[in-house]
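Following: one structure in structure tokens, then a few remarks.
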There are 2 protein chains.
Amino acid sequence: MLPTFDDVCAASERIAPYVQRTPVMTSATLDREVDGRVFFKCENLQKVGAFKARGALNTVLSLSNGEAEGGVITHSSGNHAAALAYAAAIRGIPCTVVMPDDAPAVKVTAVRGYGADIVFCKQNERETVCHREMQIRGSTLVHPFDDSRVVAGQGTAALELFEEVPDLDVVIAPIGGGGLLSGTTVAAAAVRPGIRVVGAEPEAVDDAYRSLQTGVRQPRVPNPTTWADGLLTGVGEIPFEILTAAGTEIVTVTERALLEAALFHLERMKLVVEPSGAAGLAAVRAIADEVRGLQVGVIISGGNTDFRWLEAARTQ
Amino acid sequence: MLPTFDDVCAASERIAPYVQRTPVMTSATLDREVDGRVFFKCENLQKVGAFKARGALNTVLSLSNGEAEGGVITHSSGNHAAALAYAAAIRGIPCTVVMPDDAPAVKVTAVRGYGADIVFCKQNERETVCHREMQIRGSTLVHPFDDSRVVAGQGTAALELFEEVPDLDVVIAPIGGGGLLSGTTVAAAAVRPGIRVVGAEPEAVDDAYRSLQTGVRQPRVPNPTTWADGLLTGVGEIPFEILTAAGTEIVTVTERALLEAALFHLERMKLVVEPSGAAGLAAVRAIADEVRGLQVGVIISGGNTDFRWLEAARTQ
């Protein structure tokens, strides 16, 4: 079942006590640059540092008591893992995260900080180990994006953005698995029919772009070289179906554009944004000719970064 | 004439169209750490990246037409210079900034970006050159802090903070020249009499601390070693008079505490804060025992930084 606008509204009410109503920010410098008005929904300032808190909370708070008892589990090691651990802690149920041996210490610390159990394994055994742990613990798998409850939760960011800036002409969100973009699409179609919805995807991992061009879901790009470590995954089935039906378009952006966008957020807007999260600004600039005089909403997806990109961004 | 609360209110109205009403942010992690509630007024997200926009705008917008005609001038090269250039551009009058030859390129670019004239000179000739240019151009000198109009303008940040969080028990602001802290003191005394007002000052430049302890204004510390490049200056006459009369106290913080605070803002709160601007958080931690269970307002003063401190902050 695909999520509906009612699901997004219900999610918004369900998660409200536990998420930040993140601020919407603007930059006069950028508005001059693109000759339009750009409104950034700052999900980098969200709990756990990313919009992922929304979908994870909506899912965990939707579980029946029977499901909840066995806890939740995931084998994502990125922002979704921290978000799920946070959501499980809110509901007071166990959370297990299956992580590769070589996961960055900062991610391990974040997940552990929210009280989750971590099970380490080899990178290529994550799904097997996750399946085994599910059986042993009786846990419910919460997929990072291919789940209607997750998609509905992610749609609440756009819902808040539309409440704050009702007359947007364009709304842009980064796309990896597609949870955020498809949730945004569902919200946009209901609140502001006819609005242009755009996914921002790095050229280096352009499977969503090719999927929507061909109408056939393409596999994720193997071993890509990109700074957008949050957008490596291929587009999910549920998101793909929503995006295809709505005619959502994808704009691809270069690595240089990603870095320049992250640097602009950091130096000019004083916001910490991970390169994946800066894809929206990069896309605004890529289609600057088409947004002149318009009001553009952009979702900044997250701010969890070790700043390794900073030096590269400053080297032109 | 010292600024009054009415001056702060008038300033707030005067500058409102040209400043950001900056957001107030919290951190659940920090609240747990100090067992209280801390509210950060984010002046790093202010126009020109610092609260200085407030005082400069209030002064420039208060000038008579006769004064305005000759433009404004300053020999500060930090955030005040950019703020004055911004304010002059808003009013459409000339602005001159006298800067040392070796001023960082990023500061020169910022000031030039707002359309100001820059006059370069040797570091130790700044005041002389500034005086000469004043005469030639018929410009009005706008001091970065020792000016009642500037102090009244800086007080508007605290005014907004009190509007948003009326029941604060403590309010903390960094102190360099004292414009922000004395403006905060004026606002606090009127809006919330009896509130504890605290200045946060690096140990390495503790002239304000010693000035208030002895009751005699002490000279600035010569050639200090500190990351707080925005707080090097000595406390001004007008600020000193206000702080002394109100019994405002100063808490000094170590360099390590400054760096840890700036890193916390960056990594945990996703906010770019210059080390000077993080002095408030460092002070909260320094007096953590005394703020348990209380509501504490902290003004983050600015976010203009080249991140040179980041490596030092990560090296324990």
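Residue numbers begin at 1 in each chain, while the letters A, B, ... track the order of the sequences.
- Using a 4.5 Å heavy-atom threshold, the side chains of L271(A) and L45(B) count as touching.
- Contact record, A116(B) with V97(B): CB-CG2, 4.3 Å, taken as the closest heavy-atom pair.
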Across chain B and chain A, what donor-acceptor pairs are shorter than 3.5 angstrom?
from, atom 1, to, atom 2, distance (Å)
K270(B), O, V272(A), N, 2.9
K270(B), NZ, G303(A), O, 3.2
K270(B), NZ, N304(A), OD1, 2.6
V272(B), N, K270(A), O, 2.9
G303(B), O, K270(A), NZ, 3.2
N304(B), OD1, K270(A), NZ, 2.6
D306(B), O, R314(A), NH1, 3.3
D306(B), O, R314(A), NH2, 3.1
R314(B), NH1, D306(A), O, 3.3
R314(B), NH2, D306(A), O, 3.1

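- Residue F39(B) is tested with L168(B), V296(B), V298(B), V171(B) for a side-chain contact (heavy atoms from CB on, under 4.5 Å); the sole match is L168(B).
- Qualifying side chain to side chain contact (heavy atoms under 4.5 Å, CB included) partners for A110(A), counting only residues two or more places apart in sequence or in other chains: none.
- Heavy atoms of M269(A) lying under 4.5 Å from chain B belong exclusively to its backbone.
- Between L263(A) and L310(A) the shortest side-chain heavy-atom distance falls below 4.5 Å.
- Taking every heavy atom of both residues into account, A228(A) and P202(A) meet most closely at CB-CG, 3.6 Å.
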